[in-house]
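Order of the sequence lines fixes the chain letters, A, B, ..., with proteins taken first and strands second; residue numbering starts at 1 for each chain.
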2 protein chains.
Amino acid sequence: MLLESITVYDIAREANVSVATVSRVLNDTAPVRTSTRQKIMAIIEKHNFQPNVLARSLVNKKTGMIGVLFPDSSNMFFPEVFGGAERAAQKLGYTLFLCNTFSDCSRESEYLNSLCERQVEGLLFMGGRINSRHCPDALVQEVVHIQKKIPIVLINGSLPGHPCHRVKTDEYLGAQLLMQHLIDHGHRRIGFIGGTAETTTTFEKLQAYKRSLLANSLSYRQDWVRLGDFSMACGRKQMDQFMMMPERPTAFLCMNDYVAIGAMKAAISRGLRIPEDVAIAGFDDTQLASAMNPELTTVSQHSEQLGRQAMLILSKLIQKEKVKKLTVLEPTLLIRQSTQ
Amino acid sequence: MLLESITVYDIAREANVSVATVSRVLNDTAPVRTSTRQKIMAIIEKHNFQPNVLARSLVNKKTGMIGVLFPDSSNMFFPEVFGGAERAAQKLGYTLFLCNTFSDCSRESEYLNSLCERQVEGLLFMGGRINSRHCPDALVQEVVHIQKKIPIVLINGSLPGHPCHRVKTDEYLGAQLLMQHLIDHGHRRIGFIGGTAETTTTFEKLQAYKRSLLANSLSYRQDWVRLGDFSMACGRKQMDQFMMMPERPTAFLCMNDYVAIGAMKAAISRGLRIPEDVAIAGFDDTQLASAMNPELTTVSQHSEQLGRQAMLILSKLIQKEKVKKLTVLEPTLLIRQSTQ
DNA sequence: TTGTACGCGTTATCAG
DNA sequence: CTGATAACGCGTACAA
């Protein structure tokens with residue numbers, strides 16, 4: 001059951017005017033005699049009348065809604081991003097329609113569909129298929145097709161083979177900064193923990209990891225790269241594995257803060273001290289990083305900025321303005337206790 | 001610009017049928033000859049036609065949308081709650097419309113308005129005015145008025161003087177369990193940190209705190225109750241204050257996990273050991289609690305359950321079923337390293 | 001089984 | 001300044 005029971009007709013009748021006039025005072029779209037305007041306003045107030053946005057959107061073809069797809073609300077990084085987007089959206093007169101895909105591609109497709117049917121005016125896309133290194137073409141096409149009709153901005157991702165508007169952090173640079181920091185602190189044996197080989201975000205960091213080793217004449221050992229997923233559990237499990245190796249790294253680059261914290265916990269429970277015995281670094285600078293003890297060295301993606309930028313670009317796209325396809329934000333290295 | 005360019009008329013014309021028939025195959029609402037059905041389906045597929053939900057909702061008066069108001073996406077507790085609600089919603093065929101009020105009452109009002117205009121079928125309400133101990137009547141009336149037309153479920157809150165459907169954790173009991181645990185462990189001097197005197201959630205815990213002291217013949221000292229807000233910063237600041245007192249508690253009950261962690265950090269940075277020198281307990285069992293080192297003793301509100309229950313009740317309300325006004329979930333004490 | 005025509009609540013166009 | 005009236009895209013009695 002919907003709220004609406006009272007319509008413009010009702011208030012028009014009560015005011016002895018036509019619906020057109022009511023609409024005019026509602027939208028201030030044409031001059032109305034002050035006396036009639038006031039009469040109408042009074043009746044609107046009296047009944048607490050709210051126009052039905054559905055009907056309105058149906059005619060002016062504007063819903064004021066922006067769809068936002070994100071993979072996981074339990075990873076603080078994403079709420080931070082869409083928090084930034086939301087603030088920007090509000091200033092621009094848009095409302096966000098948040099969709100948690102739970103990193104599930106089919107759910108992603110469903111939401112994509114649903115958002116289109118709901119006539120959102122633009123889409124902010126994070127996670128899932130746009131971070132997949134081998135995304136099935138069907139999934140790519142889905143997005144490509146939608147993009148023909150409605151503007152999309154990808155955040156920290158891409159659609160291989162299809163130019164899209166994108167906003168991203170230079171994750172490669174971020175990982176590189178981290179590596180350099182570790183190396184500068186004398187670490188010669190560095191491991192990598194977390195992420196999946198399938199995801200672009202992992203791949204970028206892994207590339208930076210490898211090249212940094214190479215550039216510093218340090219050896220790359222495959223068994224010192226232990227992927228998994230993006231969770232604390234993964235960090236814990238993989239660090240446990242490292243612990244059982246005869247020869248292990250003295251420092252670890254982790255996929256994100258969650259993984260890093262899991263790794264920290266595993267190390268600590270084995271009696272290791274951080275950073276004296278082992279250095280650990282995360283990524284994203286979620287609240288967790290500075291909450292930990294010792295505080296976690298990490299890289300900030302300026303998550304709110306990321307969301308804000310994406311929303312700004314999307315709004316320009318909606319206004320049919322030309323915008324450059326790619327916007328890259330520079331990450332910031334945050335050196336804390338866990339590595340020095 | 002909206003996606004829709006092709007309508008039922010277009011596909012009707014192409015199939016040489018009437019829009020009615022198209023609508024019938026779309027909704028399977030009446031028998032259609034198999035051959036024509038297939039012809040129509042083919043054309044729909046071909047053009048990738050998607051019906052306009054706006055128009056549809058306008059006639060059947062169902063949007064399938066549930067509005068969700070929450071105060072702060074940067075407090076993990078809330079994403080956990082609406083995560084639970086979202087899973088439940090999906091099974092029931094609803095889509096959540098998430099609105100971050102940033103604990104700002106005016107923003108809350110705006111969203112409330114916007115959601116009604118958007119014809120959501122129900123509302124899940126968290127934070128803000130429903131947790132205010134002295135909520136201005138105007139704000140209460142806003143909600144009361146909406147409630148007459150559209151079902152609302154309040155989560156962990158209430159509207160003083162107005163019966164509402166509510167789902168809540170027994171926070172009083174939670175705090176009591178925590179107190180008993182501390183007392184059982186020999187603590188005789190216990191402090192309280194965080195929250196604001198204005199919020200009901202703080203008040204409930206504070207009541208439990210006071211009564212537990214009384215019931216155990218322990219003295220209540222006003223200067224050992226240091227409120228503030230719900231942030232890590234608050235925990236840190238207040239613990240710093242405690243540190244400068246000549247006589248201070250040996251244990252602390254904190255408003256939530258964030259405050260507790262702030263307090264922990266402050267204590268640690270002063271060289272205190274946890275739990276040997278000082279015991280600290282949080283509330284909510286967010287991811288943070290088990291991520292910390294030492295792990296944080298806390299109380300689980302079963303946040304996902306909370307969201308799920310609320311959504312279930314709301315859906316019954318929408319179906320006009322009778323549902324009991326109040327549902328209380330029992331919290332669970334989680335004893336971890338920070339207190340023993 | 002299918003088509004016609006109206007209604008859903010607004011906005012917009014065009015006369016007056 | 002104001003009032004009919006036609007869209008907007010779809011569902012659905014009612015009739016055929």
Side-chain angles (χ1 to χ4, degrees), chain A residues 1-41 43-44 47-65 114 116-121 149, chain B residues 1-41 43-44 47-65 114 116-121 149:
Chain A
M1 220 268 297
L2 290 183
L3 173 65
E4 264 354 80
S5 41
I6 161 170
T7 77
V8 277
Y9 278 94
D10 300 320
I11 86 117
R13 188 182 320 122
E14 189 164 340
N16 279 317
V17 296
S18 71
V19 288
T21 309
V22 176
S23 177
R24 287 185 188 110
V25 343
L26 237 31
N27 305 293
D28 199 39
T29 178
V32 174
R33 191 189 302 153
T34 319
S35 63
T36 62
R37 146 168 279 118
Q38 285 175 343
K39 181 171 58 176
I40 293 175
M41 297 254 275
I43 299 178
I44 288 178
H47 293 310
N48 223 292
F49 167 74
Q50 290 177 304
N52 183 328
V53 174
L54 262 40
R56 174 177 290 178
S57 297
L58 192 56
V59 15
N60 40 246
K61 294 182 166 299
K62 286 189 179 167
T63 57
M65 292 199 311
S114 160
C116 288
E117 291 178 343
R118 289 212 144 83
Q119 317 295 124
V120 295
E121 295 186 49
K149 306 276 189 159
Chain B
M1 220 266 297
L2 290 183
L3 174 65
E4 267 351 80
S5 39
I6 159 168
T7 77
V8 278
Y9 280 94
D10 300 319
I11 86 117
R13 190 183 318 122
E14 189 165 339
N16 279 316
V17 295
S18 73
V19 289
T21 309
V22 175
S23 177
R24 286 181 189 115
V25 343
L26 237 31
N27 304 294
D28 199 38
T29 179
V32 174
R33 191 189 302 155
T34 321
S35 63
T36 61
R37 149 168 276 119
Q38 287 175 342
K39 182 170 57 178
I40 293 174
M41 297 255 275
I43 299 178
I44 288 178
H47 293 311
N48 224 291
F49 168 74
Q50 289 176 305
N52 183 328
V53 174
L54 261 44
R56 175 177 290 179
S57 296
L58 194 55
V59 15
N60 40 245
K61 293 183 168 298
K62 285 188 179 166
T63 58
M65 293 199 311
S114 160
C116 288
E117 291 179 343
R118 288 212 144 80
Q119 318 294 127
V120 295
E121 295 185 47
K149 306 275 190 160

- prompt: Looking at C/dG3, D/dA4, C/dT2, which one has an atom nearest to any side-chain atom of A/S18?
  reply: D/dA4
query: What does nucleotides 11-16 of chain C look like as a protein-contact string, B for base, S for sugar-phosphate only, - for none, at under 4.0 angstrom between heavy atoms?
result: SBBB--
- prompt: Can you check whether A/Q119's main-chain N or O pairs, donor with acceptor, with A/T63's side chain at less than 3.5 Å?
  reply: yes
query: Under 4.0 Å: is that the gap between some side-chain N or O of B/T36 and OP1 or OP2 of C/dT2?
result: yes
message: Checking the side chain of A/E117 only, and the main-chain atoms of B/V53 only, is there a donor and an acceptor separated by less than 3.5 Å?
response: no
- request: Quickly work out the A/I11 CD1 to C/dG9 P distance and round it to whole Å.
  value: 14 Å
- prompt: Whole-Å distance between D/dC8 C1' and A/L58 CG?
  reply: 4 Å
- request: Please report the closest heavy-atom contact between B/C116 and A/Q50, naming both atoms and the distance.
  value: CB-OE1, 3.4 Å
query: Shortest non-hydrogen contact from A/S23 to A/T29?
result: O-CG2, 4.3 Å
Separation of C/dT4 P from B/R13 CZ (nearest whole Å): 14 Å
task: For B/F49 and B/L26, run side chain to side chain contact (heavy atoms under 4.5 Å, CB included): C-alpha distance rounded to whole Å, both residues' side-chain angles, the deciding distance at 0.1 Å, then the answer.
output: CA-CA 10 Å; B/F49 168 74; B/L26 237 31; 3.7 Å; yes
message: Rounding to an integer number of Å, can you tell me how far A/K62 NZ sits from D/dC8 P?
response: 17 Å
field: Nucleotide D/dG11, atom P - distance to CD1 of B/I40 in whole Å
entry: 13 Å
CG on A/L54 to CZ on B/R56, rounded to 0.5 Å: 12.5 Å
- prompt: At under 4.0 Å between heavy atoms, what does B/V17 touch on the DNA or RNA strands: base, sugar-phosphate, or nothing?
  reply: sugar-phosphate
query: How many Å lie between CG on A/L54 and C1' on C/dG7, as a whole number?
result: 15 Å
message: Under the rule for side chain to side chain contact (heavy atoms under 4.5 Å, CB included), what residues qualify as partners of B/V32, not counting sequence neighbours?
response: B/T21, B/R24, B/V25, B/T36, B/R37
task: Using atom types as modelled and distance alone, determine if a side-chain donor or acceptor of A/K62 lies under 3.5 Å from a backbone N or O of A/S57.
output: no
query: To the nearest 10 degrees, how far apart in direction are the end axes of the helix from C/dT1-D/dA16 to C/dG16-D/dC1, each fit to five base pairs?
result: 40°
field: Distance (rounded to the nearest 0.5 Å) between A/Q38 CD and A/R33 CZ
entry: 12.0 Å
task: Mind calculating the distance between CZ (B/R33) and C1' (C/dG3) to the nearest angstrom?
output: 13 Å
- line: note: B/N16, atom CG; C/dT2, atom C1'; distance rounded to Å ~ 13 Å
- prompt: Is there a side-chain polar atom (N or O) of B/K61 under 4.0 Å from OP1 or OP2 of D/dG11?
  reply: no
